[in-house]
There are 2 protein chains.
Amino acid sequence: MPATIRDVARASGVHISTVSRTFSAPHLVNPETRVRVLACAEDLGYRPNRAARALITGRTHNIGLIVADIANPFFPPLIKAAEGQARQRDYHVFVADTNEDVAAEEDLVHALAKQVDGVLLCSPRMSNSLIEQVSREVPVVVINRQVGGLPCVMMDVGQGARAAIEHLLGLGHRRIALLGGPRGSWTAREMRRAATAAARGGGAELTVLGPNQPTETGGGALAEQVRRGGVTAVLAYNDLMAIGLIEGLDALGLRVPQDVSVVGVDDIALSRLTRPKLTTVATPTAAAGRTAVDMLLQLDSDAPRGARGRGAAAGDRRTTAQVMLQTVLVVRDSTGPVPEPGRDDTGA
Amino acid sequence: MPATIRDVARASGVHISTVSRTFSAPHLVNPETRVRVLACAEDLGYRPNRAARALITGRTHNIGLIVADIANPFFPPLIKAAEGQARQRDYHVFVADTNEDVAAEEDLVHALAKQVDGVLLCSPRMSNSLIEQVSREVPVVVINRQVGGLPCVMMDVGQGARAAIEHLLGLGHRRIALLGGPRGSWTAREMRRAATAAARGGGAELTVLGPNQPTETGGGALAEQVRRGGVTAVLAYNDLMAIGLIEGLDALGLRVPQDVSVVGVDDIALSRLTRPKLTTVATPTAAAGRTAVDMLLQLDSDAPRGARGRGAAAGDRRTTAQVMLQTVLVVRDSTGPVPEPGRDDTGA
DNA sequence: TCTTCGGCTGCAAACCTTTGCAGGACTGCA
DNA sequence: TGCAGTCCTGCAAAGGTTTGCAGCCGAAGA
């Protein structure tokens with residue numbers, strides 16, 4: 001049923017190669033012929049078969065986007081932005097969810113490799129060496145992690161963590177807890193490094209709790225530890241954990257921000273809707289998605305287009321762009337001045 | 001660089017067709033040969049090229065998933081479930097976002113048509129006739145809408161709305177508002193129909209406000225109208241609007257549920273995290289995603305597999321499955337008994 | 001010993017495009 | 001009139017795979 005290039009050729013009385021050129025190199029075909037072909041194509045509802053085209057050009061005009069958990073509210077804005085940017089450039093995007101599983105992650109990129117011109121890896125959990133290995137099979141741009149010389153786009157959570165700690169210091173807090181993220185997360189390491197340094201610089205004590213599941217439940221589970229630790233402020237790995245923690249503290253009878261200040265990271269839509277509204281480090285997720293797509297497509301057009309097969313597939317011109325996006329601290333209602341000493345479990 | 005079937009054939013000393021069969025019809029090849037071929041394939045890192053396979057089989061093993069807005073928290077759980085189900089069946093999924101735009105929606109399904117075995121249309125904004133038209137080009141399963149005889153999976157918001165209204169009636173409310181959804185939404189119509197009937201049955205008065213943008217802002221904008229209307233309870237088109245409304249009411253000095261009861265629809269993760277926790281009609285979005293994928297794949301395997309080209313592409317065996325998923329009312333903290341009469345703007 | 005059959009493998013066409021090469025029709029110039 | 005050059009078009013190979021058909025080999029039955 002679907003019309004092929006041959007049907008159009010027959011209908012318009014030209015050779016298939018002319019039809020092909022009408023679409024892929026219009027300047028090579030006589031204007032009159034072109035309009036005739038276009039008219040027939042329109043009539044028959046012809047659309048070039050991308051798979052067949054990919055077979056010979058080596059360009060699929062698809063990209064893959066691999067994330068740890070689609071339902072984690074951090075990702076949808078990124079996915080949306082990436083998809084929009086890609087489509088504007090006439091690319092379609094495969095979205096895949098690894099469920100935070102390393103093996104699934106690897107399988108996925110292999111499975112997708114032949115079908116895409118490149119893959120976006122969001123907050124991958126794979127080891128660096130594994131990532132480098134798969135990057136030899138298919139062009140890769142990494143989001144939210146720095147791995148070797150691979151192109152990547154990061155959000156400066158280090159700076160964000162520092163700003164958050166300084167904000168807390170400014171409110172008088174000196175005993176602060178950091179709710180760590182998942183094992184193997186680059187972001188988690190960066191935050192820890194920066195937060196520790198900032199706390200030390202401000203003469204405060206920072207205790208690290210974790211690693212943890214980066215979810216609401218993961219945050220809630222730490223409420224008891226936070227209470228026992230006697231800290232007056234908490235920086236959480238992300239907003240979800242911060243919100244979970246606030247819930248948990250509430251259940252223990254601790255109020256935010258009167259008893260404990262809490263700051264999150266990401267500024268997901270949700271953080272504006274909870275009560276208290278969450279103080280958080282806003283990460284430019286949409287910009288990251290767009291930038292990553294641009295980088296990937298750039299990489300792609302730099303690649304040796306004609307040299308298919310054995311050609312120097314990669315390595316020649318390693319575009320080693322690594323961009324760092326700025327974060328900004330958004331102060332809302334979940335942080336406040338350190339409580340007066342003399343409370344049950346806060347005193348020295 | 002990537003190994004082809006030919007490389008494997010050469011390495012294992014058999015014809016390419018034998019390699020092909022090793023993968024797609026293993027029982028046709030001698031066990032010894034098979035292990036040898038498999039070993040060579042493994043060695044060379046060979047993976048069948050799906051595009052080439054698609055070219056001849058007519059099956060891409062891809063599906064398309066078209067949603068109005070990836071960032072709307074209603075969709076991610078559905079996307080996640082659909083993607084998981086698809087991949088389990090060895091399908092990859094294209095996700096595309098229409099930004100609530102009808103034209104984009106149509107373009108998208110045409111653009112995707114050649115590259116997928118079927119398309120999932122989530123809460124489409126296209127007209128019925130347009131949907132039926134595109135469904136002749138590519139198999140379609142519609143989610144959250146009933147259109148002609150097309151296969152679809154719906155969530156019973158009618159029943160949900162009825163349950164919500166009955167819950168409110170039970171709490172003594174007799175003046176209730178319905179916050180309508182976007183124009184052209186099937187769900188919105190169903191809710192309205194059911195809610196009106198239920199209210200009338202219970203001797204209550206139901207005023208419909210809308211249509212509206214199905215967002216937090218859309219809900220917030222109605223706070224003033226709700227106050228002026230003097231209603232004691234509100235059923236919102238979805239949780240986002242309900243939450244926005246609660247915010248708006250709060251700004252006007254009205255407390256939920258003491259002054260006004262609010263019920264949402266969807267039970268997005270968010271609704272458990274706001275204060276007060278939202279009473280809402282839970283819709284089985286994940287189940288809907290999985291079911292829709294199953295239906296699409298079923299459709300696909302029913303189709304005349306061999307008869308490519310002119311064959312009876314559709315129409316023969318219209319699998320007209322239309323499944324309706326149950327919803328359930330989740331009572332939390334945003335609904336309560338009707339306030340005592342005598343308050344400023346509630347009295348008759 | 002001859003046939004038959006089953007199990008396995010090779011052959012080649014087909015799927016739909018793109019693209020280097022060559023050829024045809026024309027134009028303009030000498 | 002002849003020639004070079006330009007524009008356009010057709011030819012055919014190529015890309016990686018599947019699959020109907022035919023052929024080979026060996027075993028079983030007669």
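What you see is a predicted model; the values in this text were computed from it and never measured. Lettering of chains follows the sequences in order, A, B, ..., and the numbering in each one begins at 1.
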How long is the line joining [atom1] of [X] and [atom2] of [N], in whole Å?
X: B:Gln115; N: C:dT17; atom1: CD; atom2: P; answer: 13 Å
X: A:Ile5; N: D:dG10; atom1: CD1; atom2: P; answer: 12 Å
X: B:Asn49; N: C:dC15; atom1: CG; atom2: P; answer: 18 Å
X: A:Asp7; N: C:dC16; atom1: CG; atom2: C1'; answer: 11 Å
X: A:Arg6; N: C:dA14; atom1: CZ; atom2: P; answer: 10 Å
X: A:Ile56; N: D:dG15; atom1: CD1; atom2: C1'; answer: 6 Å

Inset, instruction - Kindly say whether A:Leu297 contributes a backbone atom to a donor-acceptor pair with the side chain of A:Arg89 at under 3.5 angstrom? - result: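 No; zero donor-acceptor contacts below 3.5 Å.
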Legend entry - Side-chain donor or acceptor of B:Thr18 paired with backbone N/O of B:Val14 under 3.5 Å: no
Report the nucleotide, chosen from [options], that has the shortest atom-to-atom distance to any side-chain atom of [X].
X: B:Tyr46; options: C:dT19, D:dT17, D:dT18; value: D:dT17
X: A:Leu55; options: D:dG15, D:dT18, C:dT17; value: D:dG15
X: A:Ala52; options: C:dC16, D:dT18, C:dT18; value: C:dC16

Inset, instruction - Report yes if some heavy atom in the side chain of A:Met155 is under 4.5 Å from a heavy atom in the side chain of A:Thr285; otherwise report no. - result: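 A side-chain contact exists here, since the closest heavy-atom pair is under 4.5 Å.
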Legend entry - Heavy-atom side-chain proximity of B:Gln322 to B:Leu150 below 4.5 angstrom: no
Inset, instruction - For nucleotides 6-11 of chain C, just jot down a letter per nucleotide in 5' to 3' order: B, S or -, based on protein non-hydrogen atoms under 4.0 Å. - result: --SBBB
Legend entry - Summary of salt bridge (charged side-chain N to carboxylate O under 4.0 Å, His left out) pairs that have at least one residue in residues 33-42 of chain A, sequence neighbours excluded: none
Legend entry - Axis deviation across the helix from C:dT1-D:dA30 to C:dA30-D:dT1, five-pair ends, to the nearest 10°: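 One end axis against the other gives 50°.
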Inset, instruction - Please round to the nearest 0.5 Å and tell me the distance separating atom CG of A:Leu112 and atom CG of A:Asp107. - result: 11.5 Å
Inset, instruction - To the nearest 0.5 Å, tell me how far A:Leu121 CG sits from A:Leu296 CG. - result: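 The CG atom of A:Leu296 is 10.5 Å from CG of A:Leu121, to the nearest 0.5 Å.
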Inset, instruction - Quick one: closest heavy-atom pair of A:Met126 and A:Arg145, and the distance? - result: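 Smallest heavy-atom distance, with atoms named: O-NH2, 2.7 Å.
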Just the atom pairs and distances: protein N or O near nucleotides 25-28 of chain D's N or O, under 3.5 Å.
none

Inset, instruction - I would like to know whether A:Phe23 and A:Leu38 meet side-chain contact (heavy atoms from CB on, under 4.5 Å); could you show each step before the answer? - result: CA-CA 9 Å; A:Phe23 289 95; A:Leu38 252 19; 4.1 Å; yes
Inset, instruction - Compute whether any side-chain donor of one residue and acceptor of the other, for A:His92 and A:Arg50, lie under 3.5 angstrom apart. - result: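 There is such a pair (donor and acceptor under 3.5 Å, judged by atom type) between the side chains of A:His92 and A:Arg50.
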Inset, instruction - Would you kindly say whether A:Asn62 and B:Gln115 are connected by a side-chain donor-acceptor distance under 3.5 Å? - result: yes
Inset, instruction - Take B:Ser123 and B:Val67 through the test side-chain contact (heavy atoms from CB on, under 4.5 Å) and record every step on the way to the result. - result: CA-CA 7 Å; B:Ser123 319; B:Val67 304; over 6 Å; no
Expected rows: protein N/O vs nucleotides 23-28 of chain C N/O, under 3.5 Å:
none

Table please: side-chain donor-acceptor pairs of residues 24-31 of chain B below 3.5 Å, with sequence neighbours left out.
unit_1, atom_1, unit_2, atom_2, d
B:Ser24, OG, B:Ser20, O, 3.0
B:Asn30, OD1, B:Glu32, N, 2.8

